[in-house]
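Before any comments, here is the structure.
Only a predicted model underlies this, so the values are computations on that prediction, with no experimental measurement involved. Any value given below was found using the heavy atoms of this structure, including those in side chains, with hydrogens, waters and symmetry copies removed.
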Amino acid sequence: MATKKIAVFPGSFDPITLGHVDIIKRALPLFDEIIVAIGTNASKKSMWTLEERKEKLSKAFSDQAKVSVADYSGLTANFCKKSKAQYILRGLRNTTDFAYEQTIAQANEKVNGVDSVFLICSPEFSHISSSIVRDIARHDGDYSSLTP
Ligand code: ADP
């Protein structure tokens, strides 16, 4: 039997946006399993709690048998090993995302043998980020068109 292709889609997901949903849906034909993994970091304060973020993610993908939701602390590459995932999935919006991702992806491949797969975001979602949603939420704005 061929080895299952498993990808981890790591992020803060504070909160999940339509941009994240777009990347995951488009990656479904590429993998047998996608683990959406919330990276937790004691020094990074989130607006939504881990439980809230997990619940939003689970709801968004409740109809996708290939997608599961998890959380982890520490190195993404270590979580991939533990989960038997050979790939890290990431979305790219612009050259700033690319510059940030490049060295991390190169290090993950060289040091841990985990390869990264990037999808360029769909143009209608390139303006969406979790930080924009948090800004709007902080000022009691309506962010419903940016999140699932
Ligand atoms: P991080 O804190 O690791 O950047 P995020 O939750 O912000 O976590 O993002 C997780 C992944 O989703 C990253 O690869 C990011 O580039 C991607 N992403 C975020 N917003 C969008 C978007 N609008 N379109 C496509 N990809 C996106």
Side-chain angles (χ1 to χ4, degrees), residues 1-94 96-98 100-101 104-105 107-109 111-138 141-148:
M1 206 175 83
T3 316
K4 261 188 162 188
K5 288 200 197 78
I6 305 176
V8 165
F9 184 47
S12 312
F13 304 104
D14 187 32
I16 180 179
T17 69
L18 292 182
H20 298 133
V21 174
D22 172 57
I23 296 293
I24 293 166
K25 290 221 164 125
R26 285 167 51 212
L28 282 171
L30 306 178
F31 301 105
D32 298 305
E33 238 184 277
I34 298 175
I35 306 168
V36 185
I38 304 176
T40 58
N41 180 340
S43 68
K44 207 171 155 188
K45 185 117 183 54
S46 63
M47 184 167 231
W48 279 273
T49 66
L50 177 59
E51 287 316 311
E52 287 167 337
R53 285 180 280 158
K54 270 185 144 173
E55 197 185 313
K56 281 182 204 284
L57 284 168
S58 302
K59 247 191 202 158
F61 300 105
S62 58
D63 58 342
Q64 300 290 353
K66 280 186 185 178
V67 179
S68 62
V69 177
D71 65 273
Y72 69 99
S73 58
L75 290 177
T76 305
N78 287 346
F79 178 73
C80 290
K81 269 192 197 150
K82 215 179 87 188
S83 313
K84 299 194 173 14
Q86 310 93 326
Y87 303 99
I88 293 173
L89 171 67
R90 296 284 284 176
L92 294 177
R93 281 161 294 191
N94 47 46
T96 312
D97 277 355
F98 175 82
Y100 174 78
E101 299 289 345
I104 300 174
N108 278 331
E109 199 278 318
V111 179
N112 301 291
V114 182
D115 232 327
S116 296
V117 174
F118 297 99
L119 289 180
I120 305 272
C121 84
S122 304
E124 64 269 39
F125 300 123
S126 61
H127 64 293
I128 302 179
S129 66
S130 295
S131 65
I132 292 274
V133 173
R134 290 196 298 276
D135 274 346
I136 298 172
R138 219 173 269 127
D142 176 10
Y143 55 81
S144 57
S145 65
L146 307 179
T147 59

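Minimum heavy-atom separation, Asn112 to Ala77: ND2-CB, 3.2 Å. In this structure, Ser73 and Thr40 approach most closely via the heavy-atom pair CB-OG1, 3.5 Å. The nearest pair of heavy atoms linking Arg93 to Ser129 is NH1-CB, 3.2 Å. Minimum interatomic distance between Phe9 and Leu89 (heavy atoms only, all atoms of both residues): CD1-O, 2.9 Å. Closest approach of Ala60 to Pro148, counting heavy atoms only: CB-CG, 4.2 Å.
Remark: Lys25 NZ is loosely packed, at most 12 non-hydrogen atoms of other residues, nucleotides or ligands lying under 6.0 Å away. Environment of CD in Glu55: sparse, with no more than 12 heavy atoms of neighbouring residues, nucleotides or ligands closer than 6.0 Å.
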Should Asp115 and Glu109 be marked as a side chain to side chain contact (heavy atoms under 4.5 Å, CB included) after you check the CA-CA gap, both sets of side-chain angles, and the distance that decides it? CA-CA 5 Å; Asp115 232 327; Glu109 199 278 318; 3.7 Å; yes
Let me see the working for Ile24 and Phe61 under side chain to side chain contact (heavy atoms under 4.5 Å, CB included), right down to the final yes or no. CA-CA 9 Å; Ile24 293 166; Phe61 300 105; 3.3 Å; yes
Could you please spell out the steps behind the salt bridge (Lys or Arg N to Asp or Glu O under 4.0 Å) verdict for Lys4 and Glu33? CA-CA 8 Å; Lys4 261 188 162 188; Glu33 238 184 277; 3.0 Å; yes
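Phe79 and Tyr72 have parallel rings, their planes meeting at less than 30° on a 0 to 90° scale where 60° marks the start of perpendicular.
Within the 4.5 Å cutoff, side-chain heavy atoms of Asn108 are placed close to those of Ile88. Between Arg90 and Tyr100 the shortest side-chain heavy-atom distance falls below 4.5 Å. Using a 4.5 Å heavy-atom threshold, the side chains of Ser83 and Ile6 count as separate. Residues Phe125 and His20 fail the side-chain proximity criterion, which asks for heavy atoms closer than 4.5 Å. Contact of the Asp97 side chain with the Asn94 side chain is registered, since non-hydrogen atoms from C-beta on lie closer than 4.5 Å. Side-chain contact between Leu18 and Leu146 is absent, with no heavy-atom pair separated by less than 4.5 Å. Contact check for Leu92 versus Leu119: no side-chain heavy atoms found under the 4.5 Å cut-off. Using a 4.5 Å heavy-atom cutoff, the side chains of Ser12 and Ser130 are not in contact.
Residues meeting the side chain to side chain contact (heavy atoms under 4.5 Å, CB included) test with Val69, sequence neighbours left out: Lys54, Leu57, Ser58. Residues meeting the salt bridge (charged side-chain N to carboxylate O under 4.0 Å, His left out) test with Asp32, sequence neighbours left out: none. For Thr49, the side chain to side chain contact (heavy atoms under 4.5 Å, CB included) partners two or more places apart in sequence, or in a different chain, are Glu51, Glu52.
Within the 3.5 Å criterion, the main-chain N or O of Leu30 finds no donor-acceptor partner in the side chain of Lys5. The closest donor-acceptor contact from the side chain of Arg26 to the backbone of Ile120 lies under 3.5 Å. A donor-acceptor pair under 3.5 Å is formed between the side chain of Asp14 and the backbone N or O of Trp48. Using modelled atom types, no side-chain atom of Arg53 and backbone atom of Phe13 make a donor-acceptor pair closer than 3.5 Å.
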